[in-house]
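Structure first, commentary second.
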Amino acid sequence: MEKEKSLAHETLFEDVIRAFKENKTALFGLIVVVILVVLAIFAPYVTPYDPYEIDLNNRFLKPSLNHWFGTDMFGRDLFTRVIYGARISLAIGLIPSLIAVSIGAVLGVISGYVGGRLGYWVMRMADVVMAFPSLLLAIVVMYTLGATLFNLFIALSVVGWAGAARVVRSQTLSIREKEFIEAAKAIGVKDFKIMAKHVFPNCLPSLMVLFTMSIPDAILSEASLSFLGVGAQPPTPSWGLLVSNGKEFLFSAPWVAILPGLAILITVLAFNFIGDGLRDAIDPYLKG
Amino acid sequence: MENALISTKNLTKIFHLSTGPLGRKKVFVHAVENVNIDIASRETLALVGESGCGKTTLGRLILRLIEPTKGEVLFKGENIFSLDRERMRSLRRDMQIIFQDPYASLDPRMRILDILAEPLKTHNKDMSKREIVERVKELLSVVGLQEFVMSGFPHQFSGGQRQRIGIARALALNPEFIVCDEAVSALDVSIRAQILNLLMDLKERFNLTLLFITHDLSVVSFISDRIGVMYLGKCVEIGPTADIFDHPLHPYTLFLLSAVPIPDPHARDRAKLILEGDIPSPVNVPSGCRFHTRCPYLRDVCVSEEPQMQYIGNRGFACHFPLY
């Protein structure tokens, strides 16, 4: 049954595989992210140092074989702090993005499919959120709720859903006019089921692209907030905080600020590459 | 009509459009106006007309996929627009639709099994998974497809195969009435004949009543018992297929028939009548008879007075000066 096999399927999953096969930069991004994830998970086994242990005899050591990234103003090993920081940055990248995209998807599908007054007001709400400078809004949320990691999740989710809602809504508007939706209506499928079984799965490719694209935004926002002092609080080894602490010694010990900065740069770049690759691989699918 | 399965009473759909700066200007599109059509049980009525004449809108109205501006659709004597949501949902078992574009009418993210199982799951909540799979297999064989099709996605199949899947979906609930909206227009000529034959077979086998919407008159003579001709939202002529082909009563029908290609080159001695101009916009409907802007037999009364549908025997026409 050769024919049966060839019919197996071409699913979203296969599209993703194709994205990485055909696009070398996306593959590079994926490899970087995988390495980061591995380092973050196995951080205690990767480095012999403790990220919080202060050693005032070894302040501002230059990068060497013992201390790959050197040490900071309290003599803590910077490489250790950067890979522990990856835990925070990855969590900040993934969790608020997931929450924001989920909220945006639900509101976008409802607003696009139901339309009318409800759809109108959902989108006006999104406009209000988007009209705010997002960093400012996040600062306000952090300031009122208090600077903890959990509140950071909330702040970034509040800021992020609007963009997702807008994209999903416009997708929904075009899917709604397709004949297969009319077919479902002619069968008598309930509106809620049409949204869940037909509209949402057809938005999924764009949602995935949206999700990957919003990860670097979230990482950058966290870094900015921590840099400004309303994000993670010392001594948490957050990347933004590391850069912030290092900035005072930029001339005497530049590595303290530059190396965590590079970590942010590379991570953001890697996620952007993945996002671009996914978009290129998935978009043609949306035509048919 | 005595044994009408479906009849429309003054069915009218006027779309409201906003145009102009800031959408301040309201425009009314007269898509379907005062259409009275009966469809007898087990007959095939073909609805023909140029693009934009409202035949697709009429098909959607009859299935209540859109709400009318006014008028009624009686299904077995009951006005479907007065039914509440739940009763309308259960009525949908009996009336289905086959779409024009087999590429847009199947959800690209669903397997064929799920596409065909959807109507079953919607209406037969107590059906077990095995029963559903059995029924899907049966449906596939009814429309001439093999079982392995079940596990595929729509984009893996050709236009003809997809249209068969669309037909299988329409048949899943054993409906009495199916609207075929340009169901073969998007297919290659060779495939078209296959699908038409399939539809005719199925019609016999399951005692279906069909409303066949098309702009292709060569298809009509092959399948339909009666023809309804639409022009600019109005039904201008209706009657048995053979009679209408032999001697049309409405001038518009005459022109439509004259545009049908003749396969035999030696038989092409017929004078070809070409209709001048375009179909007028349904926004600014001509006064009097809607066809008067293009009609060669135009007289004063045609501009001032709208002809009403009159019946002679089993034929109906809306024209002041029919071509007896």
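Just so it is clear: chains get the letters A, B, ... in the order the sequence lines come, proteins before strands, and each one is counted from 1.
- When heavy atoms are compared at a cutoff of 4.5 Å, B:Leu65 approaches chain A solely by way of its side chain, counted from C-beta outward.
- Ionic pairing of B:Glu43 and B:Lys203 is not present here: no N-O contact between side-chain nitrogen and carboxylate oxygen is shorter than 4.0 angstrom.
- Only the side chain of B:Arg169 comes within contact range of chain A, with heavy atoms under 4.5 Å apart.
- With chain A as partner, the option from B:Arg89, B:Glu118, B:Gln146 having the largest number of non-hydrogen pairs under 4.5 angstrom is B:Arg89.
- With a 4.5 Å cut-off on non-hydrogen atoms, B:Arg60 touches chain A through its side chain but not through its backbone.
- When the candidates B:Asp107, B:Leu91, B:Leu106 are compared by the number of heavy-atom contacts under 4.5 Å with chain A, B:Asp107 comes out ahead.
- Classification of the B:His16-B:Phe28 ring pair by plane angle, with boundaries at 30° and 60°, yields perpendicular.
- Heavy atoms closer than 4.5 Å to chain B are found in both the backbone and the side chain of A:Lys190.
- Looking only at side-chain heavy atoms (C-beta outward), B:Val136 and B:Met150 come within less than 4.5 Å of each other.
- Closest of all the heavy-atom pairs between A:Thr172 and A:Gly112 is CG2-C, 3.8 Å.
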Side-chain donor-acceptor contacts of residues 52-59 of chain B below 3.5 Å, not counting sequence neighbours, with atom names and distances?
| from | atom 1 | to | atom 2 | distance (Å) |
| --- | --- | --- | --- | --- |
| B:Lys55 | NZ | B:Gly49 | O | 3.1 |
| B:Lys55 | NZ | B:Glu50 | O | 3.3 |
| B:Thr56 | OG1 | B:Asp181 | OD1 | 3.4 |

Using a 3.5 Å cut-off and no angle test, enumerate the donor-acceptor pairs between side-chain atoms of residues 95-102 of chain B and protein atoms at least two apart in sequence or in another chain.
| from | atom 1 | to | atom 2 | distance (Å) |
| --- | --- | --- | --- | --- |
| B:Gln96 | NE2 | A:Ala186 | O | 3.2 |
| B:Gln96 | NE2 | B:Arg92 | O | 3.0 |
| B:Asp101 | OD1 | B:Tyr103 | N | 2.8 |

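- Neither the backbone nor the side chain of B:Glu147 comes within less than 4.5 Å of any heavy atom in chain A.
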